[in-house]
Structure formats: structure tokens, C-alpha cells
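Since the structure comes first, as C-alpha cells, the remarks are kept for the end.
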Amino acid sequence: MEENKSTIINKDHTDLILNVFEIIESKCNSFIKHELEDYDSKYASIKSIIKHDNPAFNYVVLSEDTALELGPPKFTSLSCVLFTNQNNTVKDGIWIKGTDFPNTKKQAISFAQIIMLELDKDSDATNPKIQTLKYLSNKIPGYMPRNIPGKIWVRIHKNLIDKGFSLVELGSALISEYKKHIKNIKSISIILISDEPDCIKKFEDINLKANKIYEENIRSKLDSIGAISCDSLNCTSCDEKIYCDTIKSIALKKGKK
């Protein structure tokens, strides 16, 4: 009998999502809400700004071509995805706070993005795409993210900034990609915070708790299918990685026989 995907998920982020809305809807925090309008067309327009003769270079931003860095080392940075199966918990929209990209005079700023999803009850919230889509890797020419767990570090090409690339357009890109690749999204909220380190710090505890819940759900899924499970899910810093890779290689070869 096929296992119901919803049984894999032990916990969701409902309480954390409510905490986020409590912060962003407080008048003292001055977030500005934008409705979800024409996000696909906005996304399409920013994807066409930069075109190299060699498409491989569309997504490489050299230091000399960089107009702005989001969340580089020594700057406050945060990136997380929260999900829930509870109806009417997530509200569609893009919430922004801080200086927009075309208006900043700085070369590097603190940055945070929080993506909140309401999924239907049959969705597998351990789907890796839910986590990886937030980076927009190789999605926007002139926008080069680096994959750092729990954080975000992005180089933005000067031509993209010169054409007015904005927080709302970044939010539109995230919405478009999530709705394209995650089929069971019922509602989506995007929160973007630019050059407001003190505000970003208000979400750090939420980010830590969200990552812990996600790791627990991954471990529960691995245990349920009899796969390898371990105390840490950060394979790049795990001393046991060489052994896991060997076992996986053997299992893969046996599976092909």
C-alpha cells in the first residue's frame, strides 16, 4: 500500500507563520504590502534585461560588474521558507521594508527574505524544491546567489540595477517560480527586508526554529523509508560523508541490477 505523503510530515510552521504576521502587520514596523498582480509578466521582463552571447555567462556576476551585494559576510542575512497545511493562515502578498535596490547608495546591504506557503494536506513539505527555489539559482540573468544554509548572499549586476530591478520584482520572481514548480500551493507570502539589520534580527529565532522543524521532518521521512539518517543534515561538514556516499553508491548499483 502506498504511503500517504501527509503522514511523513510531523510538524509544520503554523505558529511561526503567525509570529511573522504579528511582526509585519504591526504599525511600528512599517512594512508595505503589495498585492500579487502580474507577477509572471514582471518576472519575464527582468529575465530579458541581460543577454550574453554565451548563455552560460548570463548567471555569472563578476565583482567589477556588481552594483549591489545582498547579505555578504559581516552583514546581517536571513533566508527561510515556512509552510503550513492550515487553511487561511498564509495571506497572498509581498511585504517589503527598507531601501529599494535602485535607491540605495551602498554597495552592500543586510538582507532577508521569508517565503511562507500554505500547502494542501497531501503535499510533501520535505520536497527539496521547497527549499532550493528560494535561491533563484540560474533564474534571473544578472542575479547570482550563493547557497548558504539559513542565509542569503547575492550579487546583482549593475545593468539589472540600472533598469530598476526592485524588491517587488524579486518577490514576483519568487512567486512565479514557486507556483510553477510546487503544484499544490494554495497561498503564498513573500517578505523582503532590505538594509534594515535590526528588523532582520527580529526573525532570527523564527528562522532557527523553522530549520529545526524542517530537519526533524526530513529525518522522520528518512526513517520511514529505511534510508540513512544521522544527527546532522549538513553533509558538507559531516565527518561521516565518505561512508554515506559509499553506501549510497553500492545501493544505487544494486538497484540497477
Side-chain angles (χ1 to χ4, degrees), residues 5-6 9 11-26 29 31-47 70 78-98 100-101 111-140 143 145 147 150-152 154 165-194 199-200 202-203 206-207 209-211 213-214 217:
K5 290 181 180 180
S6 62
I9 303 171
K11 300 179 181 178
D12 67 10
H13 298 129
T14 301
D15 290 342
L16 299 180
I17 289 171
L18 294 175
N19 290 345
V20 170
F21 276 117
E22 185 177 347
I23 295 171
I24 67 175
E25 292 181 340
S26 171
N29 288 318
F31 277 82
I32 299 173
K33 182 184 178 183
H34 297 259
E35 301 298 333
L36 304 190
E37 297 177 347
D38 303 323
Y39 54 85
D40 280 331
S41 61
K42 289 176 182 174
Y43 183 33
S45 67
I46 61 175
K47 289 174 72 173
L70 311 178
L78 184 150
S79 178
C80 73
V81 181
L82 308 177
F83 67 87
T84 181
N85 301 125
Q86 300 298 315
N87 292 332
N88 304 316
T89 302
V90 174
K91 307 169 188 178
D92 284 326
I94 301 171
W95 282 260
I96 64 173
K97 179 177 175 63
D100 212 341
F101 302 148
F111 191 73
Q113 61 178 31
I114 301 169
I115 298 105
M116 303 194 295
L117 309 172
E118 181 182 318
L119 306 173
D120 70 27
K121 295 188 182 299
D122 292 327
S123 298
D124 180 6
T126 61
N127 179 351
K129 284 186 177 180
I130 290 178
Q131 296 297 324
T132 58
L133 284 170
K134 66 185 176 184
Y135 296 108
L136 293 176
S137 298
N138 297 330
K139 299 297 183 182
I140 303 174
Y143 183 90
N147 188 336
K151 296 183 178 292
I152 184 168
V154 180
F165 179 58
S166 67
L167 287 163
V168 170
E169 287 176 328
L170 174 58
S172 298
L174 287 164
I175 291 166
S176 186
E177 283 295 327
Y178 270 92
K179 283 185 171 286
K180 177 181 178 181
H181 294 286
I182 310 297
K183 299 302 181 184
N184 299 321
I185 291 178
K186 298 168 71 175
S187 299
I188 181 168
S189 304
I190 306 292
I191 295 91
L192 302 172
I193 307 169
S194 171
C199 180
I200 293 172
K202 295 179 181 180
F203 298 92
I206 293 173
N207 187 33
K209 290 178 179 177
N211 288 335
I213 290 172
Y214 179 71
N217 288 335

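Here the structure is a predicted model, which means the values were calculated and not measured. Residue indices begin at 1 and follow the sequence shown.
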Are the side chains of [X] and [Y] in touch, meaning some heavy atoms are under 4.5 Å apart?
X: Phe111; Y: Val154; answer: no
X: Leu170; Y: Tyr143; answer: yes
X: Ile130; Y: Phe83; answer: no
X: Val20; Y: Met116; answer: yes
X: Leu133; Y: Ile182; answer: yes
X: Ile23; Y: Ile206; answer: yes
X: Trp95; Y: Leu167; answer: no
X: Ser194; Y: Leu192; answer: no

Look up atom [atom1] in [X] and atom [atom2] in [Y], then write down how far apart they are to the nearest 0.5 Å.
X: Ile185; Y: Leu117; atom1: CD1; atom2: CG; answer: 5.0 Å
X: Ile140; Y: Lys47; atom1: CD1; atom2: NZ; answer: 8.5 Å
X: Ser189; Y: Ile24; atom1: OG; atom2: CD1; answer: 6.5 Å
X: Ile190; Y: Leu174; atom1: CD1; atom2: CG; answer: 5.0 Å

Which heavy atom of [X] sits nearest to which heavy atom of [Y], and what is that distance?
X: Gly150; Y: Asn211; result: CA-ND2, 4.2 Å
X: Ile152; Y: Ser79; result: CB-CB, 3.9 Å
X: Phe203; Y: Ile114; result: CD2-CD1, 3.4 Å
X: Ile94; Y: Ser172; result: CD1-N, 3.9 Å
X: Glu118; Y: Asn88; result: OE1-N, 3.1 Å
X: His13; Y: Val81; result: CE1-O, 3.7 Å

Where do Lys186 and Asn87 land on the side-chain contact (heavy atoms from CB on, under 4.5 Å) test, with the steps shown first? CA-CA 9 Å; Lys186 298 168 71 175; Asn87 292 332; 2.8 Å; yes
Any donor and acceptor pair, going by atom type alone, linking the side chain of [X] with main-chain N or O of [Y] inside 3.5 Å?
X: Asn217; Y: Thr126; result: no
X: Asn85; Y: Asp120; result: yes
X: Gln113; Y: Lys134; result: yes
X: Thr132; Y: Pro128; result: yes
X: Lys209; Y: Leu16; result: no

Can you name the residues that form a side-chain contact (heavy atoms from CB on, under 4.5 Å) with [X], not counting sequence neighbours?
X: Gln86; answer: Asp12, Thr14, Thr84, Thr89
X: Tyr135; answer: Ser137, Pro145, Asn147
X: Lys139; answer: Tyr43, Leu136, Glu177, His181

Throw together a table of side-chain donor-acceptor distances under 3.5 angstrom for residues 31-42, partners on residues two or more places apart or in other chains.
unit_1, atom_1, unit_2, atom_2, d
Asp40, OD1, Ser176, OG, 2.6
Ser41, OG, Asp38, O, 2.9
Lys42, NZ, Glu37, O, 3.4

Under the salt bridge (charged side-chain N to carboxylate O under 4.0 Å, His left out) test, which residues partner Lys151, sequence neighbours left out? none
Going by salt bridge (charged side-chain N to carboxylate O under 4.0 Å, His left out), name the pairs with one or both residues in residues 79-95, residues two or more places apart or in two chains. Glu25-Lys91
